[in-house]
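Contents: one structure, followed by commentary.
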Amino acid sequence: QVQLVESGGGLVQAGGSLRLSCAASGHTFSSYAMGWFRQAPGKEREFVACISWNGASTDSADSVKGRFTISRDNAKNTVYLQMNSLKPEDTAVYYCAARSGYMYYYQVYDYPYWGQGTQVTVSS
């Protein structure tokens with residue numbers, strides 16, 4: 001089992017940047033594919049980005065392509081989400097998630113392990 005703790009959220013103006021971190025503990029981090037999801041008020045949790053266990057493969061939602069970048073440092077047991085050119089519609093609670101295995105998936109139900117979330121608020 002793996003425990004996840006997100007950090008790095010906050011309030012930023014439109015056009016600004018934030019970097020989210022997700023620190024993992026409790027098991028071999030490098031054996032987990034990782035994902036970032038977000039949930040805005042009144043909306044369902046949605047996929048943002050994902051990365052394979054060795055970082056060789058990544059993918060992201062169309063809404064964030066070219067603005068958000070997912071990466072990981074297995075030596076530090078941490079996955080990151082670099083968010084640039086932020087928009088008000090990016091406002092949400094951001095969650096990291098983990099699933100055992102090399103490859104990532106895109107659905108909430110594919111990930112058994114979740115962090116508590118970190119709030120990102122983008123003002124216009």
Side-chain angles (χ1 to χ4, degrees):
Q1 188 168 343
V2 62
Q3 291 81 43
L4 305 171
V5 179
E6 301 96 334
S7 61
L11 173 63
V12 64
Q13 289 188 331
S17 299
L18 283 175
R19 188 176 82 155
L20 305 183
S21 299
C22 174
S25 62
H27 212 275
T28 307
F29 177 68
S30 60
S31 65
Y32 287 81
M34 302 295 295
W36 283 99
F37 291 76
R38 66 187 182 186
Q39 188 167 17
K43 295 188 176 181
E44 293 188 351
R45 195 169 298 188
E46 64 176 7
F47 166 75
V48 175
C50 51
I51 189 166
S52 60
W53 69 13
N54 62 357
S57 183
T58 65
D59 201 1
S60 59
D62 288 343
S63 59
V64 306
K65 278 189 193 297
R67 301 189 298 123
F68 291 10
T69 302
I70 188 171
S71 62
R72 67 190 296 161
D73 185 340
N74 285 347
K76 295 183 178 180
N77 286 2
T78 302
V79 63
Y80 303 98
L81 185 68
Q82 178 66 45
M83 305 187 296
N84 299 328
S85 301
L86 282 160
K87 304 175 180 180
E89 52 263 43
D90 295 319
T91 295
V93 177
Y94 283 71
Y95 299 89
C96 71
R99 63 165 287 131
S100 181
Y102 172 78
M103 203 54 187
Y104 44 75
Y105 291 79
Y106 298 90
Q107 303 299 326
V108 169
Y109 55 72
D110 288 319
Y111 291 81
Y113 306 110
W114 291 83
Q116 83 290 347
T118 186
Q119 177 70 48
V120 172
T121 303
V122 184
S123 63
S124 57

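Heads up: numbering here begins at 1 and tracks the sequence.
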Check your understanding: Taking only residues two or more places apart in sequence, or in another chain, which ones meet Val108 in a side-chain contact (heavy atoms from CB on, under 4.5 Å)?
Key -> Phe37, Arg45, Trp114

Check your understanding: With sequence neighbours excluded, what pairs up with Ser71 under the side-chain hydrogen bond (donor to acceptor under 3.5 Å, both in side chains) test?
Key -> none

Exercise for review: Provide the full list of disulfide bond (SG atoms under 2.5 Å apart) pairs with a residue in residues 47-88, sequence neighbours left out, each pair given once.
Suggested key: none

Exercise for review: Evaluate the side-chain proximity of Leu20 to Met83: yes if any heavy-atom separation is below 4.5 Å, no if none is.
Suggested key: yes

Practice item. Please collect all salt bridge (Lys or Arg N to Asp or Glu O under 4.0 Å) contacts where either partner lies in residues 114-124, sequence neighbours excluded, each pair once. Key: none

Check your understanding: Who pairs with Thr58 by side-chain contact (heavy atoms from CB on, under 4.5 Å), at least two apart in sequence or on another chain?
Key -> Ile51, Ile70

**Study point:** All pairs passing ring pair (Phe, Tyr, Trp, His ring centres under 6.0 Å) where residues 66-94 contributes a residue, at least two apart
**Key:** none

Exercise for review: For residues 96-107, pull every pair meeting salt bridge (Lys or Arg N to Asp or Glu O under 4.0 Å), keeping only residues two or more places apart or in separate chains.
Suggested key: none

Point to revise | Contact check, side chains of Trp53 and Ser31, non-hydrogen atoms, under 4.5 Å | key: yes

Check your understanding: How would you list, by chain and number, every residue that makes a side-chain contact (heavy atoms from CB on, under 4.5 Å) with Ser123, sequence neighbours excluded?
Key -> Leu11, Gln13

Study note, to complete from the structure: Sequence neighbours excluded, the answer for side-chain contact (heavy atoms from CB on, under 4.5 Å) partners of Ser52 is Asn54, Ala56, Ser57, Tyr102, Tyr104

Practice item. Any disulfide bond (SG atoms under 2.5 Å apart) involving residues 68-124? Give me the pairs, sequence neighbours left out, ordered by first then second residue. Key: Cys22-Cys96

Exercise for review: Report the residues that fulfil salt bridge (charged side-chain N to carboxylate O under 4.0 Å, His left out) with Asp59, sequence neighbours left out, ordered by chain and then residue number.
Suggested key: Lys65

Study note, to complete from the structure: Across all chains, not counting sequence neighbours, the salt bridge (charged side-chain N to carboxylate O under 4.0 Å, His left out) partners of Arg38 are Glu46, Asp90

